[in-house]
Amino acid sequence: MEMDGTDGLIPPNNESFSKVIRAWLNDELQENRYGPPGSGVENAWIWLNELLQREKKAALGDVELGPAPELFSSILKTAARSNARGDNLLKVSVATFEAMKESRFQPDSLSYTWQLETALKVLSLPYHDKEREEFITDLFEQCCKDGLLSSKFVRKLSPFSLDSFHSLGWTAEESERMCKELFGDPPCFPSSWSRNLKAGQEQAPQPSDVIPKPKPKP
């Protein structure tokens, strides 16, 4: 960052970090991106992590420096929307998610859904089966513990998300098995799992999010 070369006369601030992070995230979603798929998200995380480290140092001085909550969310969302499928994408998403939990901000229900989307995309092949199941189970348990299980999360995991399935690995059959294992058969969603959803903005899961309602007969 050019401001670092001014011997502290014009020190980088929150806005300058935010602009760099958002520029890398915007680049990630472009067809003519600067680097290979996933590199924009990686670079955004590098700058966010740098900001977090500087925030710790700034706490000892008079400089106010620190990230806004949307910077964490933007990285998680872009990782989920990117067409990258490499392990590096999931590593960045996990690092961002954990950093958010350790910060003064906390993940919301969308953060959990984006994290799930990235995992299903990256861990989609047959040799990912064990790792994918462990990841999903752990994420689901965290989500329920935080009271943030939403309809969007459940539908992303259920057979409704046909776009995320493959002929092997993460298949519709595997989705159905995981849903039965996590939600029960028939599915049941205790209210405590969704107790912290924003009223009027986020919908708690229903059995119909897992089992499609039968179509009316003509």
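Residues Leu48 and Tyr34 share a single hydrophobic cluster, defined by chaining ILVMFWY side chains whose heavy atoms lie under 4.5 Å apart.
How far OG of Ser150 is from CZ of Arg155: 11.0 Å, rounded to the nearest 0.5 Å. Put simply, CH2 on Trp45 and CG on Leu51 are 10.5 Å apart, with the number rounded to the nearest 0.5 Å. Summarising the geometry, atom CG belonging to Leu125 is positioned 9.0 Å from atom CG belonging to Leu168; distances are rounded to the nearest 0.5 Å. From Lys77, atom NZ reaches atom CD of Glu117 across 10.0 Å, with rounding to the nearest 0.5 Å. Note that CG of Leu110 is 10.0 Å distant from CG of Leu76, once rounded to the nearest 0.5 Å. Taking CG of Leu90 as the reference point, atom CD of Glu131 lies at 7.0 Å (rounded to 0.5 Å).
No donor-acceptor pair closer than 3.5 Å links the side chain of Arg81 to the backbone N or O of Thr78. Without hydrogens or angle criteria, Asn196 side chain to Asp146 main chain gives a donor-acceptor distance under 3.5 Å. One N or O on the side chain of Thr96 and one on the backbone of Val92 form a donor-acceptor pair closer than 3.5 Å.
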Step by step, work out the salt bridge (charged side-chain N to carboxylate O under 4.0 Å, His left out) result for Glu50 and Arg54. CA-CA 6 Å; Glu50 174 67 18; Arg54 294 195 185 200; 2.7 Å; yes
Taking it one step at a time, do Arg104 and Glu55 satisfy side chain to side chain contact (heavy atoms under 4.5 Å, CB included)? CA-CA 12 Å; Arg104 60 184 183 277; Glu55 179 185 29; 2.3 Å; yes
What's the verdict on side chain to side chain contact (heavy atoms under 4.5 Å, CB included) for Leu157 and Val210, showing C-alpha distance, side-chain angles and the deciding distance? CA-CA 8 Å; Leu157 195 57; Val210 182; over 6 Å; no
Could you check Leu71 against Ile75 for side chain to side chain contact (heavy atoms under 4.5 Å, CB included), going step by step and ending with a plain yes or no? CA-CA 6 Å; Leu71 292 181; Ile75 291 179; 5.9 Å; no
After noting the C-alpha distance and the side-chain angles of Leu139 and Phe153, does the key distance pass the side chain to side chain contact (heavy atoms under 4.5 Å, CB included) rule? CA-CA 11 Å; Leu139 188 67; Phe153 184 100; 4.0 Å; yes
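Across Ser73 and Ser111, no two heavy atoms sit closer than the pair OG-OG, 4.4 Å. Residues Arg22 and Ser74 approach most closely at NH1-OG, 3.7 Å, considering heavy atoms. Nearest heavy-atom pair, Ala99 versus Leu52, reported as atom, atom and distance to 0.1 Å: CB-CD1, 3.9 Å. Nearest heavy-atom pair, Val154 versus Pro205, reported as atom, atom and distance to 0.1 Å: CG2-CB, 3.6 Å. Annotation for Val122 and His128: closest pair O-CE1, 3.2 Å, computed over non-hydrogen atoms. Nearest heavy atom pair, residue Ser82 against residue Gly38, reads OG-N, 4.4 Å.
A search for salt bridge (Lys or Arg N to Asp or Glu O under 4.0 Å) contacts involving Asp87 returns nothing, not counting sequence neighbours. Not counting sequence neighbours, the partners of Glu176 by the salt bridge (Lys or Arg N to Asp or Glu O under 4.0 Å) test are Lys180. Judged as a side-chain hydrogen bond (donor to acceptor under 3.5 Å, both in side chains), and not counting sequence neighbours, Gln203 has no contacts. Legend: residues meeting side chain to side chain contact (heavy atoms under 4.5 Å, CB included) with Ala204, ordered by chain and number and at least two apart, are Ser194, Leu197. The salt bridge (Lys or Arg N to Asp or Glu O under 4.0 Å) test applied to Lys130 returns Glu134, not counting sequence neighbours. Pro36 is linked by a side chain to side chain contact (heavy atoms under 4.5 Å, CB included) to Ser39, counting only residues two or more places apart in sequence or in another chain.
The pair Arg177-Glu173 does not meet the salt-bridge criterion, since no charged nitrogen lies less than 4.0 angstrom from a carboxylate oxygen. Taking 4.0 Å as the cut-off between side-chain N and carboxylate O, Lys145 and Glu141 do not count as a salt-bridged pair. We find that Glu42 and Lys91 are not joined by a salt bridge, their nearest charged nitrogen and carboxylate oxygen being 4.0 Å or further apart.
Residue Lys101 qualifies as enclosed at atom NZ: its count of foreign heavy atoms under 6.0 Å is above 12.
For the residue pair Gln30/Asn26, the side-chain donor-acceptor check at 3.5 Å is not satisfied. Residues Glu202 and Ser109 have side chains that bring a donor and an acceptor to within less than 3.5 angstrom of each other.
By the 4.5 Å heavy-atom criterion applied to side chains, Ile136 and Leu120 are counted as neighbours. For the pair Trp170 and Lys121, the minimum side-chain heavy-atom distance is 4.5 Å or more. Between Asn43 and Asp27, every side-chain heavy-atom pair lies at or beyond the 4.5 Å cut-off. Between Arg132 and Glu174, the closest side-chain pair of non-hydrogen atoms falls below 4.5 Å.
Using the six-membered ring where Trp is involved, Trp193 and Phe140 have ring planes that are perpendicular, over 60° apart on the 30 and 60° scheme.
Evaluated for a ring-ring contact (aromatic ring centres under 6.0 Å, His included) with Phe97, the options Phe135, Phe72, Tyr112 yield exactly one hit, Tyr112.
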